[in-house]
Amino acid sequence: IFKNAESGAYRLGHGVVALAEAARVGGGLVAEARPAMRRLNLKLRETVYLSVREDEFRLDVDQVDGLNEVRSVITLGVQCPLYAGAPSSVLAAAMQDNELNAILQRTAPRNFDYAAFKRAVQTVRRRGYSEELNNVQRTGAISAPIRSRSQEVIAALSISASLDTFLRRRKELLQGV
């Protein structure tokens, strides 16, 4: 549940939407993306996940687990900052700079490197995808935008693998996205 700071009104967030989508048989973003996620998973054998923007955060709403013995697992429904991770970079790159800057002012840590993040966002905008290594969790991910019919970025589709696998198969994973 989110409270609009200006109006004081409350609304349900994407976490509820993710739960509802899981229970639904019909359409929706998750249902539309699921077949492509399964195809990528079967082809690459790595974890594939779907993320959306939820106000000031990224929310991972669906995943197809990797088929390898060592695989990346995503916790669904947890709010992640828009400055952390490959899918966050894709969602941030789709935003207007003034809106993104305002969110970062409210959510980024004090020692946040704004200049480095802005360079990373520009790289995502130029390449059309994001790739990031997480040395703490020992994973790597590649994310690409999912666009609506009007070309608005509505989600990010990501492939995640253990760091060793990611570094060894980077080119193949990039071709998958």
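Under the 4.5 Å side-chain contact rule for hydrophobic residues, Val30 and Val90 do not share a cluster. Both Leu133 and Tyr129 belong to a common hydrophobic cluster when Ile, Leu, Val, Met, Phe, Trp and Tyr are linked at side-chain heavy-atom distances under 4.5 angstrom.
Few gaps surround CD on Gln151; more than 12 heavy atoms of other groups in view lie less than 6.0 Å from it.
Between Val52 and Ile154, the closest side-chain pair of non-hydrogen atoms is not below 4.5 Å. For the pair Gln79 and Glu54, the minimum side-chain heavy-atom distance is below 4.5 Å. Contact of the Leu59 side chain with the Leu76 side chain is not registered, since no non-hydrogen atoms from C-beta on lie closer than 4.5 Å. At a threshold of 4.5 Å between non-hydrogen side-chain atoms, the residues Glu131 and Phe166 count as touching. With contacts defined as side-chain heavy-atom distances shorter than 4.5 Å, the pair Tyr49/Pro87 qualifies. Contact check for Gln63 versus Val48: no side-chain heavy atoms found under the 4.5 Å cut-off.
No hydrogens or angles considered: a donor-acceptor pair under 3.5 Å links the side chains of Asp60 and Ser51. Counting only N and O atoms by type, the side chains of Ser160 and Ser158 include no donor and acceptor under 3.5 Å apart.
Using a cut-off of 4.0 Å between Lys/Arg side-chain N and Asp/Glu carboxylate O, Glu152 and Arg53 are scored as not salt-bridged.
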**Derivation and outcome, side-chain contact (heavy atoms from CB on, under 4.5 Å), residues Leu50 and Leu29** = CA-CA 9 Å; Leu50 182 68; Leu29 177 61; 4.0 Å; yes
**Request:** Please lay out, stage by stage, how Asp164 and Arg138 fare under the test salt bridge (Lys or Arg N to Asp or Glu O under 4.0 Å).
**Result:** CA-CA 8 Å; Asp164 293 338; Arg138 305 281 305 152; 3.5 Å; yes
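Taken to the nearest 0.5 Å, the OG1 atom of Thr139 stands 11.0 Å off from the CD atom of Glu46. Put simply, CZ on Arg127 and OG on Ser130 are 6.5 Å apart, with the number rounded to the nearest 0.5 Å.
The side-chain contact (heavy atoms from CB on, under 4.5 Å) search around Leu42 returns Leu67, not counting sequence neighbours.
Hydrophobic cluster membership for Phe117: Leu82, Tyr83, Leu91, Met95, Leu100, Ile103, Leu104, Phe112, Tyr114, Val121, Val153 (Ile, Leu, Val, Met, Phe, Trp, Tyr linked by side-chain heavy atoms under 4.5 Å, directly or transitively).
Between Gly66 and Asn41, the shortest heavy-atom distance links the atoms CA-ND2, 3.8 Å.
For the side-chain hydrogen bond (donor to acceptor under 3.5 Å, both in side chains) with Ser89, the qualifying choice from Arg125, Arg58, Glu132 is Glu132, the only one to do so. No option in Leu157, Thr47, Val64 other than Leu157 meets the side chain to side chain contact (heavy atoms under 4.5 Å, CB included) test with Leu40.
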